[in-house]
Amino acid sequence: MSEEKSLNFIEEIITNDLAEGKCKSILTRFPPEPNGYLHIGHAKSICLNFGLATRFGGATNLRFDDTNPTTEETEYVDSIKADVQWLGFNWVKECYASDYFDQLYQYAIQLIEKGVAYVDDSSPAEIALQKGTPTMAGTGNDFRNRSIAENLALFNEMKEGKYADGAKVLRAKIGLSSPNMHMRDPLLYRIKRATHHRTGDTWCIYPMYDFAHGQSDAIENITHSICTLEFIPHRPLYEWGIEQLGIFPSKQYEFARLNMTYTIMSKRKLLQLVTEGHVSSWDDPRMPTISGMRRRGYTPESIRDFCERIGIAKRENIIDFSLLEFCVREHLNKIAQRRMVVTDPVKLIITNYAQAEEMLSSENNPEDTEGGVRQVPFSNELWIERDDFMEEPTKKYFRLGPDLMVRLKSAYIIKCERFEKDAAGNVQTIYATYFDNSKSGADTSGLHVKGTLHWVSAKHAVPVVLNEYDRLFSVEDVANAEGDFKEYINPNSLNTTTIAWGEPAFLNDAPEMRFQFLRKGYFYQDTISTKDKLVFNRTVTLKDAWAKEQKK
RNA sequence: UGCCUGAUGGUGUAACGGUAGCACAACUGUUUUUGGUGCAGUUUGUCUUGGUUCGAAUCCAGGUCAGGCAACCA
């Protein structure tokens with residue numbers, strides 16, 4: 001294997017660090033805040049961090065960045081762990097920023113003792129005002145000049161609960177004229193009386209992100225701390241903290257977050273979709289959440305493949321949704337068992353079929369020679385797709401119409417003789433004759449037909465419910481579209497068929513099996529599906545050359 | 001009108017001073033008992049202006065455009 005795969009910029013950095021002996025091995029971390037469900041954008045970060053560790057023989061911590069008790073919940077911790085595991089990754093250590101609250105408090109005292117942190121009594125508005133603007137230096141205030149002893153005492157009192165929420169904050173004493181707003185005496189600690197999902201009411205002061213993240217990285221000896229672009233301005237502060245404290249020199253690197261066409265990644269907006277009922281839940285199969293994609297039928301393999309293909313860089317990007325679809329089709333094509341399901345049924349009667357019924361065998365997966373076959377019952381009364389019949393066929397129509405011949409998949413070639421309509425003028429019954437010497441696998445008829453249809457024997461058919469999903473939004477770049485993003489919700493993102501007819505093989509199929517419904521798409525049993533009421537979610541359609549042809 | 005990022009086909013991503021490649025998308029053709037799959041092929045690109053160099057996507061200078069930054073959020 002001398003295949004040369006080019007390295008992304010982070011892999012180059014790591015390769016160099018290892019070569020120069022800056023570190024003996026690497027340790028990365030995936031640091032979600034447990035305030036929501038993971039989505040495909042997180043998957044990119046997960047695959048990056050865990051993938052890097054695998055590639056370079058290192059390891060990865062799962063760390064919950066739980067420094068804001070008002071938004072965080074154990075429910076989210078559990079779902080995040082489940083999602084990471086489902087994606088196929090294992091962390092060496094499960095960590096929590098909240099485990100470091102004591103240590104962080106000690107770090108803060110160290111800064112106060114060094115004279116580089118102070119307690120400020122100003123209100124949020126005053127602090128904002130005193131910070132100045134990007135083009136104008138801030139002014140600061142008298143609290144900056146408090147003595148070390150006074151700061152120590154006040155910070156202790158903050159911790160002891162002597163002051164009301166918001167009454168005081170601990171700030172770093174760096175200066176107020178930096179062109180980087182994040183460096184203008186940033187807040188380190190705030191008073192917040194809220195019950196933390198892990199530490200309960202032990203604390204009433206909590207560290208800010210900027211006084212927790214880099215410190216947590218250092219405590220865990222993280223070598224490469226990888227985050228998204230919006231944290232670039234925080235990096236000087238990240239480094240300031242490590243330097244002032246003299247702790248392990250973790251390094252921060254930034255990459256561009258994932259954007260995808262026809263969907264959104266913002267946790268806030270996703271939450272809105274759920275709370276306002278535009279989707280049923282966080283794991284609604286239309287959601288770009290890991291749990292939604294899992295329910296829809298995406299495989300972990302396909303998501304990992306997708307994350308591998310999109311690459312890692314610093315430039316803003318918007319990935320075609322069709323790449324994700326390609327990845328899942330490619331995987332499912334290889335592993336999904338084929339089944340026949342008729343979604344918009346019309347009756348087909350084979351007038352010269354004398355037997356009551358017979359069992360025909362059909363391959364489970366033509367891509368897999370080991371895939372085996374299954375038995376499919378055939379009789380003289382079948383359901384076929386309404387779309388597969390045309391009263392007056394057009395030129396390139398390879399399906400059924402008066403006097404036209406097609407093959408029934410894994411069965412016989414038939415010829416349409418006539419059809420009947422109901423009072424409303426809809427085709428109700430199609431009558432055909434079959435060629436008994438055209439049986440699949442033993443065809444001696446010499447007939448050649450262009451179309452092959454899927455079908456289900458009417459008296460053996462099993463009723464199934466189908467959820468067919470389409471993109472959640474109707475515009476490519478939802479985040480940058482004008483106005484409220486909700487205006488662009490695709491009203492037809494879910495199409496439910498309450499009665500479709502499927503093969504009886506479903507009765508013996510395990511719920512976690514992945515299927516391709518012939519000529520329809522890939523389907524996966526929904527979480528609410530039962531043996532008595534089978535419900536399938538369409539993961540993705542098949543490519544449809546005919547649909548394109550029709551549009552012309 | 002300050003600072004920080006970035007700019008390669010429709011979308012991503014490579015090329016580390018020496019043939020602009022790969023994937024998706026789109027479009028042909030071909031194979032096919034899935035209008036699926038497979039196979040073969042086509043179209044489309046270095047933001048701009050200068051400079052350095054035998055040679056620039058790459059180095060330098062200026063410009064343009066895009067995104068980010070002033071939460072007691074992360």
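Note on naming: letters A, B, ... go to the chains in the order of the sequence lines (proteins, then strands), and numbering restarts at 1 for each one.
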Exercise. Reading RNA chain B 5' to 3', how would its secondary structure be written in dot-bracket notation, given Watson-Crick and G-U pairs with both distances under 3.5 Å, brackets [ ] for crossing pairs and | for partners on other strands?
Worked result: .((((((..((((....[..)))).(((((.......)))))....(((((..]....))))))))))).....
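- As judged by a 4.0 angstrom heavy-atom cut-off over every strand, Tyr397(A) is placed among the base-contacting residues.
- Within 4.0 Å (heavy atoms only), Gly441(A) reaches at least one base atom of the nucleic acid.
- Residue Ile312(A) is in sugar-phosphate contact alone, with no base atom involved, counting any heavy-atom pair closer than 4.0 Å across all strands shown.
- Counting non-hydrogen atoms under 4.0 angstrom, Arg309(A) reaches the backbone sugars and phosphates but no base.
- By the stacking rule of 5.5 Å between ring centres and under 30° between planes, Tyr209(A) does not stack on the base of A74(B).
- For the pair Arg198(A) and Tyr96(A), the cation-pi test (distance below 6.0 Å, angle within 45°) is passed.
- Taking the six-membered ring where tryptophan is involved, the planes of Phe485(A) and Phe473(A) are tilted, since the angle between them lies from 30° to 60°.
- Distance check on atom P: G63(B) versus C4(B) gives 14 Å, rounded to whole Å.
- Closest to the Met181(A) side chain, of the nucleotides C73(B), U34(B), A70(B), is A70(B).
- Nucleic acid contact class of Lys409(A) (heavy atoms, under 4.0 Å, all strands): base.
- Residue Thr71(A) is out of contact with every strand shown, counting any heavy-atom pair closer than 4.0 Å.
- Residue-level contact check: Pro366(A) touches the bases, meaning some heavy atom is under 4.0 Å from a base atom.
- Rounded to a whole angstrom, the distance from the C1' atom of U42(B) to that of U33(B) is 30 Å.
- Note: Trp501(A) and Trp383(A) have parallel aromatic rings, judged against thresholds of 30 and 60 degrees for the angle between ring planes.
- Summarising the geometry of Ala108(A) relative to Tyr189(A), their closest heavy-atom pair is CB-CE1, 3.8 Å, with the distance given to 0.1 Å.
- G36(B) sits 44 Å from U5(B) when the C1' atoms are compared, rounded to a whole Å.
- Contact check on Lys548(A) versus Asp544(A) returns no salt bridge, with no Lys/Arg side-chain nitrogen under 4.0 Å from an Asp/Glu carboxylate oxygen.
- Ser6(A) and Glu11(A) get closest at one heavy-atom pair: O-OE1, 4.2 Å.
- With both ends at atom P, the span from G12(B) to C39(B) equals 26 Å, rounded to whole Å.
- Contacts of Arg338(A) with the nucleic acid, taken as non-hydrogen atoms under 4.0 Å apart, include base atoms.
- Nucleotides A57(B) and A7(B) have their P atoms positioned 15 Å apart, rounded to a whole Å.
- For Phe536(A) and Phe517(A), the distance between ring centers is under 6.0 angstrom.
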